[in-house]
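Everything numeric here is computed off the predicted structure, so don't read it as measured data.
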Amino acid sequence: MKRIGIFGGSFNPIHCGHIALAKEILRQTDLDEIWLMVSPQNPLKQEAYLLDDHLRFDLACKALEGVSGVETSDFEFHLPKPSYTWKTLKALRQDYPDDRFTLVVGGDNWQYFERWYHWKDILREFDVVVYPRDGQIGTIQAALLPVSSTEIRNRVRRGESIEGMVPDNIIDEVKRLYAK
């Protein structure tokens, strides 16, 4: 049985903060792997500049090349939209009955967790790891890199450097895709 952390998000684009956080969660927990679950649609977050699902997934795959224990997943692409975490976790458990899944969520989202679809069922049936975000307390301690996907998109549009914000092997692709 593998213990797998599900770290969902739009990853629009993935950045070094996401990767560093996933590695830190692996270090501090008993999880064997972290799956970055690229979400096609977050029902609580309507993104005006959401890049195509498969382009975001491909960028994340490329960004994680050589990163041990962290995988990219397009599992939610194959589920009905909008993608609700409860439905995703149930489908994962059904498709991977020998594995145990843990939800990974930021302190900012944890603050509003009671708004989530079937949140009580999630808490009853799955473990949850909360990482600190924007000054909130988490179940793990992690220093977050001061980088955001929004900042990266804005810097690309202004023609500014994104070096150190995204892995080197995706810098040119991020610039090309988000320059529009």
Quick one: do Asn169 and Lys62 satisfy side-chain contact (heavy atoms from CB on, under 4.5 Å)? Show the steps, please. CA-CA 7 Å; Asn169 67 332; Lys62 190 171 180 181; 3.6 Å; yes

Derivation of the side-chain contact (heavy atoms from CB on, under 4.5 Å) call for Leu79 and Thr88: CA-CA 8 Å; Leu79 297 176; Thr88 299; 3.7 Å; yes

Give the C-alpha distance, both sets of side-chain angles, the deciding distance and a yes or no for side-chain contact (heavy atoms from CB on, under 4.5 Å) between Asp32 and Asp99. CA-CA 10 Å; Asp32 299 308; Asp99 296 326; over 6 Å; no

Please determine whether side-chain contact (heavy atoms from CB on, under 4.5 Å) holds for the pair Cys16 and Met165, giving the CA-CA distance in whole Å, both sets of side-chain angles, and the decisive distance to 0.1 Å. CA-CA 6 Å; Cys16 293; Met165 299 174 87; 5.8 Å; no

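Between Arg100 and Asp127, at least one side-chain nitrogen of the basic residue sits less than 4.0 Å from a carboxylate oxygen of the acidic one, meeting the salt-bridge criterion. Looking at Arg3 and Glu33, no side-chain N of the basic residue comes within less than 4.0 Å of a carboxylate O on the acidic one, giving no salt bridge. We find that Arg27 and Glu24 are joined by a salt bridge, their nearest charged nitrogen and carboxylate oxygen being less than 4.0 Å apart. A salt bridge links Asp53 with Lys81: the distance from a Lys NZ or Arg NE/NH1/NH2 to an Asp or Glu carboxylate oxygen falls below 4.0 Å.
Judged by distance alone, with hydrogens and angles left aside, the side-chain atoms of Arg93 form no donor-acceptor pair with the main-chain N or O of Phe126 at under 3.5 Å. Judged by distance alone, the side chain of Thr139 and the main-chain N or O of Val130 form a donor-acceptor pair under 3.5 Å.
To the nearest 0.5 angstrom, Ile170 atom CD1 is 10.0 Å from His15 atom NE2. Taking CG from Leu36 and OG1 from Thr72, the interatomic distance works out to 5.5 Å, rounded to the nearest 0.5 Å. The CZ atom of Arg155 lies 10.5 Å from the NZ atom of Lys175; values are rounded to the nearest 0.5 Å. To the nearest 0.5 Å, atom NZ of residue Lys2 and atom CZ of residue Phe101 are 8.0 Å apart. One distance of note links CD1 of Ile171 with CD of Glu163; it measures 5.5 Å at 0.5 Å rounding. With values rounded to the nearest 0.5 angstrom, His78 atom NE2 is found 10.5 Å from Asp95 atom CG.
Contact between Ser83 and Glu76 at its shortest, heavy atoms only, is OG-OE1, 3.4 Å. Of all heavy-atom pairs between Ser73 and Phe57, the closest is C-CE1, 3.6 Å. Nearest heavy atoms, Leu26 versus Ser68: CD1-O, 4.1 Å. Between Gln28 and Ile140 the shortest heavy-atom distance is OE1-CB, 3.4 Å.
Side-chain contact check for Pro167 versus Glu65: every heavy-atom pair is 4.5 Å or farther apart. Put simply, the side chain of Thr102 does not reach to within 4.5 Å of the side chain of Ile6, judged on heavy atoms. No side-chain heavy atom of Ile152 sits under 4.5 Å from any side-chain heavy atom of Tyr178. Annotation: side chain of Val174 is in contact with side chain of Leu59 (closest heavy-atom distance under 4.5 Å). Trp116 places a side-chain heavy atom less than 4.5 Å from the side chain of Leu103. Side-chain contact between Leu51 and Pro13: absent, with no pair of heavy atoms (C-beta onward) separated by less than 4.5 Å. Two residues are said to be in side-chain contact when any heavy atoms from C-beta on lie closer than 4.5 Å; Ile4 and Ile34 fail this criterion. Here the side chains of Val38 and Ser10 are not in contact, with every heavy-atom distance at 4.5 Å or above.
Under the ring pair (Phe, Tyr, Trp, His ring centres under 6.0 Å) test applied with Trp35, the options Phe11, Phe7, Tyr96, Phe75 reduce to a single match, Tyr96.
For Glu114, the CD atom sits in a packed shell: over 12 heavy atoms of surrounding residues, nucleotides or ligands are nearer than 6.0 Å.
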